[in-house]
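Each remark here refers to the structure printed beneath this line.
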Amino acid sequence: GISLSPLIDSQDEYQKAVAIICGSGLGMLADALSNQDAFKYSEIPGFPHSTVQGHAGRLVFGELRGKTCVCMQGRFHMYEGHSLCKTTFPVRVFKLLGVDTLIVTNAAGSLDDSLRPGDIMILKDHINFPGLCGLNPLCGPNLDRFGPRFPAMSGCYDAGLRRIAMEIGKQLGVAEVMTEGVYAMVGGPNFESIAEARLLHRLGVDAVGMSTAPEVVVATHCGLRVFGLSLITNKVVKSYDDPEAVDHEAVLAVGRRRAQTLQSLVMELVARFKCVVYFAILVPKRDFGSGF
Ligand SMILES: O=P(O)(O)O[C@H]1O[C@H](CO)[C@@H](O)[C@H]1O
Ligand SMILES: Nc1nc2[nH]cnc2c(=O)[nH]1
């Protein structure tokens, strides 16, 4: 398994690692890790539990193309009843473990007609609707050890990684199903009404889901480099004449169909990172934020 070393205050002695958060039905990304050590969330102090189908609820440590990697097989959503501090708690754990790059993935519905189920959208930017209304994981006293009170969010999706991902898409022969776009987070758990879908479309949203933005906000706050991708699992119904209605099982089915492509894309991306040998065992000495 993975070698573990005790956490010390300065992490400079450690090379850096990569963390992956798997979206709905995308837990198979963790299968790509070799030398796995896996922990159920229920075994980890302070971790919430996964309640959503398609989110196994395991933290998997391992290696990906020789790089040290930790993978959340299942994420936490606001609609599960967790505070945003809880949903993003793992991101700060990753920071303390010595992670420097976070890969976030999600299942999302498309507003843009050119994005079809099975397509992969690289996140260029996001609209954090709950955040715009004050539901932000950074609310409360700022923890200066992680980052500044007023972090910038321009450039939160690393331009270099986006470019490399598109190059890899070409190499893998999947460039025609890959594009860049804007993801919007809504609270859920219901899917959009038609009027809501039309509103999102008018606002310039390409794909919509119920996650990711808070994780990216917390990651950016603490200086992690972020790469995000949405697997488009359905079209969001925008017409009153359209008889289609999305359901979660259909969302998961598209994940199974695209498993191989997503694994290859993430593996090739990680293969290009400069990182990593050891993880530190986490010894929390201070609190991680308000709201637990
Ligand atoms: O964002 P992820 O976790 O991929 O899941 C997406 O899929 C679920 C709906 O099918 C919602 O939880 C939505 O956010
Ligand atoms: N809000 C939202 N989340 C999703 N997750 C997967 N598909 C969808 C969708 O159509 N809408």
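Every value quoted in this text rests on a predicted model; they were computed, and no experiment measured them. Each ligand, and each atom within it, is numbered from 1 in the order the structure gives.
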Completion exercise
A student checking ligand 2 against V236 at a 4.0 Å heavy-atom cut-off should list atoms 10 (O)
Exercise for the section: Keeping the roles fixed (side chain from S230, backbone from A108), state whether a donor-acceptor pair exists under 3.5 Å. Expected result: no
Handout entry: F39 six-ring centre to R58 NZ/CZ under 6.0 Å and within 45° of normal
Key = no
Completion exercise
among protein heavy atoms, the one nearest atom 11 (N) of ligand 2 is E192 OE1, 2.8 Å
Problem - Top protein contact for atom 1 (O) of ligand 1, by heavy-atom distance - result: S211 OG, 2.5 Å
Practice task
Kindly indicate, with the supporting measurements, whether the criterion side-chain hydrogen bond (donor to acceptor under 3.5 Å, both in side chains) is fulfilled by D112 and S110.
Solution key: CA-CA 5 Å; D112 176 347; S110 72; over 6 Å; no
Exercise for the section: Answer yes or no: is there a donor N or O on one side and an acceptor on the other, between the side chain of E180 and the main chain of I122, under 3.5 Å? Expected result: no
Problem - Nitrogen or oxygen atoms of N234 and ligand 2 under 3.5 Å apart - result: yes
Completion exercise
Going by the 4.0 angstrom heavy-atom rule, the piece of V208 near ligand 2 is both
Problem - Closest approach of any protein heavy atom to atom 9 (C) of ligand 2, naming residue and atom - result: F191 CD2, 3.5 Å
Practice task
Identify, by atom number and element, the atoms of ligand 1 in contact range of Y79, meaning under 4.0 Å from any of its heavy atoms.
Solution key: 11 (C), 12 (O)
Problem - Side chain to side chain, M185 and H126, heavy atoms closer than 4.5 Å - result: no
Problem - For V251, the ligand 1 atoms whose distance to one of its heavy atoms is below 4.0 Å - result: 10 (O)
Handout entry: Under 3.5 Å: donor-acceptor pair, side chain of H221, backbone of L138
Key = no
Practice task
Note the single closest protein heavy atom to atom 3 (O) of ligand 1, along with its residue, its atom name and the distance in Å.
Solution key: H77 NE2, 2.7 Å
Problem - Nearest heavy atoms of C156 and V226, plus distance in Å - result: O-CB, 3.4 Å
Exercise for the section: Could you tell me which atoms of ligand 1, counted from 1 in the order shown, lie closer than 4.0 angstrom to a heavy atom of F191? Expected result: 9 (C), 10 (O)
Handout entry: Nearest-option assignment for atom 5 (N) of ligand 2, heavy atoms, candidates A107, P189, A207, G23
Key = A107
Exercise for the section: Look at E167 together with R163 and state whether they make a salt bridge at an N to O cut-off of under 4.0 Å. Expected result: yes
Handout entry: K95 bridged to E215 by N-O distance under 4.0 Å
Key = no
Practice task
Decide whether an N or O pair under 3.5 Å exists between A107 and ligand 1.
Solution key: yes
Exercise for the section: Report yes if some N/O of T212 lies less than 3.5 Å from some N/O of ligand 1; otherwise report no. Expected result: no
Exercise for the section: For ligand 2, indicate whether the residue V186 contacts it via side chain, backbone, both or neither (heavy-atom separation under 4.0 Å). Expected result: side chain
Practice task
Would you mind telling me if ligand 2 is within reach of the side chain of S24, the backbone, both or neither, using heavy atoms under 4.0 Å?
Solution key: neither
Practice task
Give the atoms of ligand 2, by number and element, whose distance to some non-hydrogen atom of G109 is under 4.0 Å.
Solution key: 6 (C), 7 (N), 8 (C), 9 (C), 10 (O)
Problem - N106 neighbourhood, listing ligand 1 atoms whose heavy-atom distance to it stays under 4.0 Å - result: 1 (O), 4 (O)
Problem - R198 (side chain) donor-acceptor with K238 (main chain) under 3.5 angstrom - result: yes
Handout entry: The one among R75, H55, H248 that brings a heavy atom closest to atom 10 (O) of ligand 1
Key = H248
Problem - Non-hydrogen side-chain atoms of F273 and L161 separated by less than 4.5 Å - result: yes
Completion exercise
min-distance protein heavy atom vs atom 8 (C) of ligand 1 -> S24 OG, 3.5 Å
Handout entry: Polar side-chain atom of D242 near backbone of S239 as donor-acceptor pair, under 3.5 Å
Key = no
Problem - Numbered atoms and elements of ligand 2 in range of M210, under 4.0 angstrom, heavy atoms - result: 1 (N), 2 (C), 3 (N)
Exercise for the section: State plainly whether the residues E244 and K235 are in salt-bridge range, i.e. N to O under 4.0 Å. Expected result: no
Exercise for the section: Take the angle between the ring planes of F47 and Y41 and call it parallel below 30°, perpendicular above 60°, tilted in between. Expected result: tilted
Exercise for the section: List the closest protein heavy-atom neighbour of atom 13 (C) of ligand 1: residue, atom name, distance to the nearest 0.1 Å. Expected result: M210 N, 3.8 Å
Practice task
Using distance alone, decide if ligand 1 has a nitrogen or oxygen within less than 3.5 Å of any nitrogen or oxygen in T105.
Solution key: no
Practice task
Check each atom of ligand 2 against the heavy atoms of T233 and keep those under 4.0 Å away; list them by number with element.
Solution key: 6 (C), 7 (N)
Completion exercise
the protein heavy atom lying closest to atom 3 (N) of ligand 2 turns out to be G209 CA, 3.3 Å
